[in-house]
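Worksheet for the structure shown next.
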Amino acid sequence: MAGQSRKWMILVATTWIQAFTGTNFDFSSYSSDLKTALGISQVQLNYLAVASDMGKAFGWCSGVSLRYLPLWAVMFMAAFIGLFGYGVQWLLIQQIISLPYFLVFFLSLLAGCSICWFNTVCYVLCIGNFQSNRALALALTISFNGVSAALYTLIANAIDPDDDTLYLFLNALVPLFISGVTLLPVLRQPPPQQLPPDAIKRDSRIFLFLNGVAVLTGLYLLLLNPFSYVSYRARLLLAGAILLLVLPLCLPGIVYARDWAQRVISSRISLNGSTFGLVNVDDLELHKELIGSEPAGINAPTNGNGNRSIFILRAEDGCCGNVMEKDQLTVLGEEHSARLLVRRWDFWLYYLAYLCGGTIGLVYSNNLGQISQSLGFGTQTSAFVTLYSSCSFFGRLLAAGPDFLPRYTLQGLGGLP
């Protein structure tokens, strides 16, 4: 039970990391001030935005560093990279220091790289602690990366609604603070364990609750943010947003308490109302776990190319019910060599879709400040950034819908548990 509780604490910690490290979403909030401080043109400002996004191309360094460093060290390296990249830009925009343009370009590149290091830490935490629900854990935590701009707007308005340079200051310090807050769950990770089918179903119900809380958090930030342009209101709304981010810590405990109560009550009823009173409840639970062991073929051998032939045995089909799928990549979370990935067409389809699809949103997001100014809404730039951030959050969260469907569909068809 303690290991399961720590697992959910890690998920909440991952959610916090994602929620406060999507610092590239608030670029439009301070881009005009950065342009004025540097005395650069719009084209040069666009190059700085490109540098921030291009920094993600060096995110592979975080994966390499995990081979030699512990996870917590990589997390703090990401925080200090962002502290340096955004902190020096804040000094620059405050006119405390002066730097040439190419160094500012490098700082933007470095700041964008720190975001990918945080993402790598979150992916490893989700995959390592939710082996049976990896897709649900990843979809939930990644969606919170979209609310970063809305949260930073609340924090900035709570301090000084008229100072747009605060965003760079917050981008430098808040990820480092969050890394310190989430350090303990990262250090105390539970050992990996195989869950029985009933535990997997229970975790799926918890994910439904957590997605409901996520929707409530997104609506809260979207609908109430227009009232945050007064400092005391912003402080109240920020307290409410933090409460919603802490709330998921309670839901797994409620579900576990309910399951424990149901198990105790049902065992007492069975012992009091049945003549077979010699059955030990602990032995019965152990028997259920043995029956609910992993399906046949889960440890199927791999071929020479690193692919795995998956065998699924369904009880109603008997010994002739083997379904074999050849030339398939191993399950989510398994390690794949780079040589294997570049030889597969589905990898290149994903690469092209991400390159051509995600770029459109990034271009719009980075230029949102200039778009609002050209339309005569320069004083409402942060409101547009918050709106875009909240919609990005809901778009990411809706992408988790298909992760719930196959599980229940297969159960209804008598397939995998």
Side-chain angles (χ1 to χ4, degrees), residues 20-56 78-115 148-179 228-231 234-235 238 362-363 365-386 388-389:
F20 289 99
T21 57
T23 49
N24 59 326
F25 282 100
D26 61 6
F27 176 80
S28 295
S29 298
Y30 61 86
S31 60
S32 297
D33 293 316
L34 185 63
K35 178 182 177 182
T36 303
L38 294 175
I40 57 178
S41 64
Q42 180 62 41
V43 175
Q44 290 175 311
L45 182 66
N46 289 337
Y47 285 150
L48 293 182
V50 171
S52 178
D53 298 326
M54 194 171 63
K56 300 175 183 178
F80 281 107
I81 291 174
L83 176 65
F84 180 76
Y86 288 115
V88 176
Q89 289 186 69
W90 179 77
L91 295 175
L92 180 65
I93 204 173
Q94 292 290 333
Q95 298 182 352
I96 299 176
I97 61 174
S98 179
L99 293 175
Y101 178 79
F102 75 92
L103 285 181
V104 181
F105 185 91
F106 173 75
L107 291 173
S108 299
L109 189 73
L110 200 63
C113 184
S114 69
I115 301 172
S148 295
L151 290 172
Y152 276 76
T153 299
L154 277 180
I155 300 174
N157 289 339
I159 300 174
D160 187 358
D162 299 323
D163 188 4
D164 292 334
T165 63
L166 279 173
Y167 286 91
L168 275 171
F169 182 78
L170 296 173
N171 288 350
L173 291 182
V174 171
L176 180 60
F177 174 76
I178 292 298
S179 298
S228 66
Y229 296 100
V230 180
S231 295
R235 296 188 187 102
L238 178 61
L362 290 174
V363 171
S365 173
N366 293 333
N367 291 279
L368 193 56
Q370 281 64 48
I371 294 174
S372 61
Q373 281 188 346
S374 64
L375 296 176
F377 299 102
T379 58
Q380 301 180 17
T381 300
S382 58
F384 289 115
V385 172
T386 299
Y388 175 84
S389 173

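In what follows, every heavy atom counts, from backbone to side chain, and hydrogens, waters and symmetry copies are set aside.
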Any luck finding a side-chain donor-acceptor pair between Asn157 and Ser228 under 3.5 Å?
yes
If you measure from OH on Tyr152 to CG on Leu168, what distance do you get to the nearest 0.5 Å?
11.0 Å
Identify the heavy atoms of Ser148 and Thr21 that sit nearest to each other, and give their distance.
OG-N, 3.9 Å
Here the pair of heavy atoms bringing Ala111 nearest to Gln89 is CB-NE2, 4.4 Å
Under a 4.5 Å cut-off applied to non-hydrogen side-chain atoms, are Leu45 and Phe27 in contact?
yes
For Ser31 and Ser28 the tightest heavy-atom approach is OG-O, 3.3 Å
In chain order, what residues pass the side chain to side chain donor-acceptor pair (under 3.5 Å) check against Ser179, with sequence neighbours excluded?
none
Quick one: CG on Leu166 to CG on Asp163, what's the gap to the nearest 0.5 Å?
4.0 Å
First locate atom CD1 of Ile155, then atom CZ of Arg235, and finally report the distance between them rounded to the nearest 0.5 Å.
13.0 Å
Going by distance alone, is a donor N or O of one side chain under 3.5 Å from an acceptor N or O of the other, for Tyr30 and Thr165?
no
Determine whether Leu107 and Phe84 satisfy the following criterion, side chain to side chain contact (heavy atoms under 4.5 Å, CB included), listing intermediate values before the conclusion.
CA-CA 8 Å; Leu107 291 173; Phe84 180 76; 3.7 Å; yes
How long is the gap from CZ on Phe169 to CD1 on Ile159, to the nearest 0.5 Å?
7.5 Å
Mind listing the closest non-hydrogen atom pair of Pro175 and Phe20 along with its distance?
CG-O, 3.8 Å
Which heavy-atom pair separates Ile81 from Ser114 by the least distance, and what is that distance?
CG2-CB, 3.8 Å
Indicate the ring-plane relationship of Tyr101 and Phe105, choosing parallel, tilted or perpendicular according to the 30° and 60° boundaries.
tilted
Nearest-0.5 Å distance that lies between atom CG in Leu109 and atom SG in Cys113:
7.0 Å
Spacing of CG belonging to Leu170 relative to CG belonging to Leu154, to within rounding of 0.5 Å:
11.5 Å
In Val104, Leu91, Leu38, the residue satisfying side chain to side chain contact (heavy atoms under 4.5 Å, CB included) with Leu99 is Val104
Do the side chains of Asn24 and Ile115 get nearer than 4.5 Å, heavy atoms only?
yes
